[in-house]
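Written out below as structure tokens is the structure these notes cover.
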Protein chains: 2
Amino acid sequence: MYDRRLDAIVAAAETGSFAKAGRLLHISTPAVAKQVNTFETEYGLTLFIRSHGGVTPTPAGAELVEGARDLIRRSDEIIRRARRRASPDTVPVRLGISMLRPGRRILDLWQHDAGRTAGIRLELVSLPDGSTSITDIIARLGGTIDVIATAFAPDHWTGVCGTLALSYEPLCLAVPRGHALARRARVTLDDLAGTRIRMLPRGNGTDDVARDLFERAGGIELADIDHYDLDVFNECARTGDLLISKPMWADVHPQLVNVAVDWPEPVGMQYGLLYPTDPTPTVAAFVDRIAELADVERNASARETTEAGDAR
Amino acid sequence: MYDRRLDAIVAAAETGSFAKAGRLLHISTPAVAKQVNTFETEYGLTLFIRSHGGVTPTPAGAELVEGARDLIRRSDEIIRRARRRASPDTVPVRLGISMLRPGRRILDLWQHDAGRTAGIRLELVSLPDGSTSITDIIARLGGTIDVIATAFAPDHWTGVCGTLALSYEPLCLAVPRGHALARRARVTLDDLAGTRIRMLPRGNGTDDVARDLFERAGGIELADIDHYDLDVFNECARTGDLLISKPMWADVHPQLVNVAVDWPEPVGMQYGLLYPTDPTPTVAAFVDRIAELADVERNASARETTEAGDAR
DNA sequence: ACTTGTTACGACATTCGTAACAATC
DNA sequence: GATTGTTACGAATGTCGTAACAAGT
């Protein structure tokens, strides 16, 4: 709905640097500079004062950034309103998925429904991996993407977006096949002495608990990663480092095998859906239906186990 | 500042047809359809119901068009505000010119000033010929273009934008060189019997007076053109038709020569500047300076004629 | 030494227009 | 028959990323 260059301009103003803005938007520095330059010449404005230490907005730039923020908010709001008015059976629910945010579990549930939930059409939208942008995507939920299939820390998104937990994902370790621990079914914290483990820095959810336990255990070298990414998996396969992982990432990289960890206390995340706080009726219906289907499946498997117990 | 496709969407909603919208925006029909289609799939919306008789907005489409109009207004406003805040010597005044809206007169004046008006930098922006879009451009004056050099009917723009008249342009006729009247210095209405004259339909300014006189004279065939355009000049050169013209268009087409008309009453337009009703200080200063320079020149030429009279 | 902004250049994607087609008024 | 929307395809345009550079912190 709005000029894409505004994203670059706002990011540059917020970070005070074209390079940092580029990293934020996952584009190169020259791309950011070009976008700002073309915008400036097109409207005859000078938005930033450049120096080799970074960029600072001019008065005009600051004014425009303020307006741009408002414009971006309004753009998303307009789409949401239009979407809400559309007849429900013509509007698809767009589920954002990626290698690291797989929708398989949800798609399985939905397929079991076999179209019994009439009038909801599901569309898959590919999501960029690299968690720096996930916050942006969630902030604009309802624009290009309606719901996201992902693992999440339950309390991390309260107030930001709605969450629907479908299954529990205990944290485990992705171990390169060559590693000694790769053949183990499960490991204790003591087994990990002398290894190098890559994980997110503090403040990104439930990984902090794991970090505490690692640090207390001693003998473990921790290496920060700024976000989960396929490159992180590649790096671990190359260097032999271990990586904090989840069961749903078991088949992401053929060179890495998941090994369970005997945590002294439960350490894990939820897998499920993230959806807007004010969802479209259609989206709300979809989320509700998924919740129902998950319940049905849970009950079925529970009944199965009790029946098995009776038979024994 | 906003997604260009919104122009196509709004135009389609207003005209009820992709084809008409294309003509309005001076792009082809498939281009309009593509823009709307990509927008629809990108946001998962159906904005228009297509039929071979035209297109009608869906409820969602109507809602979005309403929001889009607001967004477009705001975009222009944001640019204007940012421009106003910029330090005056960094912001150029962008003068819109084209073959049919030449800036020569203004540029001459400005050059005579020889940079004595400090801190105003003049930039030339090419303007599309074809007057259907001129209204849009004027509506967005202050966005990409600050001032326009053009001929205009004085009362036609009151309330829409500011006007500065620099010279009077009596209407004349552009006659193909092969035509019998081409060798005449001036013609009367009676001379025009049997000719075909192209002109704008009613409601486009002072041409209506000329039309009245032609119709009253009789024996003159009138052919409507929907806007002035280089193609119109080419057409007249090809078909031998006459064309209502102005002295400033004398050299537009080598095949057409301007011949003055003995109008029973004055028929003409003003040449000068169109500028926003709420101009930037820089733009206001520019317009004022141009007015001053024109006055100086007028006085100089007046003094010259009186001196010549004294000498006699 | 590291980071920043700029330029040049090649690869890629997008967008446009023309033409030909099908369906409707 | 005139107008409308759609599709296909070639061309022009725009955008991005890599690399190499220059300059400041």
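Lettering follows sequence order; numbering is per chain, from 1. In what follows, every heavy atom counts, from backbone to side chain, and hydrogens, waters and symmetry copies are set aside.
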> Does OP1 or OP2 of D:dT3 have a side-chain N or O of B:Arg50 closer than 4.0 Å?
Replying inline: no
> Can we say A:Glu63 and B:Arg83 salt-bridge, meaning some charged N sits less than 4.0 Å from an Asp/Glu carboxylate O?
Replying inline: no
>> Could you check whether B:Arg74 pairs with B:Asp70 (Lys NZ or Arg NE/NH1/NH2 to Asp/Glu carboxylate O, under 4.0 Å)?
In response: yes
>> Categorize A:Ser28 for me: base, sugar-phosphate, or nothing, with a 4.0 angstrom heavy-atom threshold over every strand shown.
In response: base
>> Between A:Arg4 and A:Ala19, which residue's closest nucleotide on DNA chain C lies nearer the 5′ terminus?
In response: A:Ala19
> What is the 5' to 3' range of DNA chain C, first to last nucleotide, that sits under 4.0 Å from any heavy atom of chain B?
Replying inline: C:dC16 to C:dT24
>> Can you measure A:Asp3 atom CG to D:dG14 atom C1' for me and round it to whole angstrom units?
In response: 13 Å
> A:Gln35 side chain N/O closer than 4.0 Å to the phosphate oxygens (OP1, OP2) of D:dC16?
Replying inline: yes
> Do B:Arg211 and B:Glu215 sit within salt-bridge range, that is, some charged N less than 4.0 Å from a carboxylate O?
Replying inline: yes
> Reckon A:Lys20 touches a base, only the sugar-phosphate, or nothing at all at heavy-atom distances under 4.0 Å?
Replying inline: sugar-phosphate
> Going through the checks in order, is the side chain to side chain contact (heavy atoms under 4.5 Å, CB included) test met by A:Ile97 and A:Val125?
Replying inline: CA-CA 6 Å; A:Ile97 58 172; A:Val125 180; over 6 Å; no
>> If the threshold is 4.0 Å, N to carboxylate O, is there a salt bridge linking A:Asp224 and A:Arg198?
In response: no
>> With nearest nucleotide decided by heavy atoms, which residue, B:Lys34 or B:His52, maps closer to the 5′ end of DNA chain D?
In response: B:His52
>> Using a 4.0 Å heavy-atom cut-off, does B:Thr38 contact any base of the nucleic acid, only the sugar-phosphate backbone, or nothing at all?
In response: nothing
>> If you assign A:Gly53 and A:Pro30 each to the DNA chain D nucleotide with the nearest heavy atom, which residue ends up on the more 5' nucleotide?
In response: A:Pro30
>> B:Thr38 vs B:Arg5, test: side chain to side chain contact (heavy atoms under 4.5 Å, CB included). Steps then yes/no.
In response: CA-CA 9 Å; B:Thr38 60; B:Arg5 293 173 294 183; 3.1 Å; yes
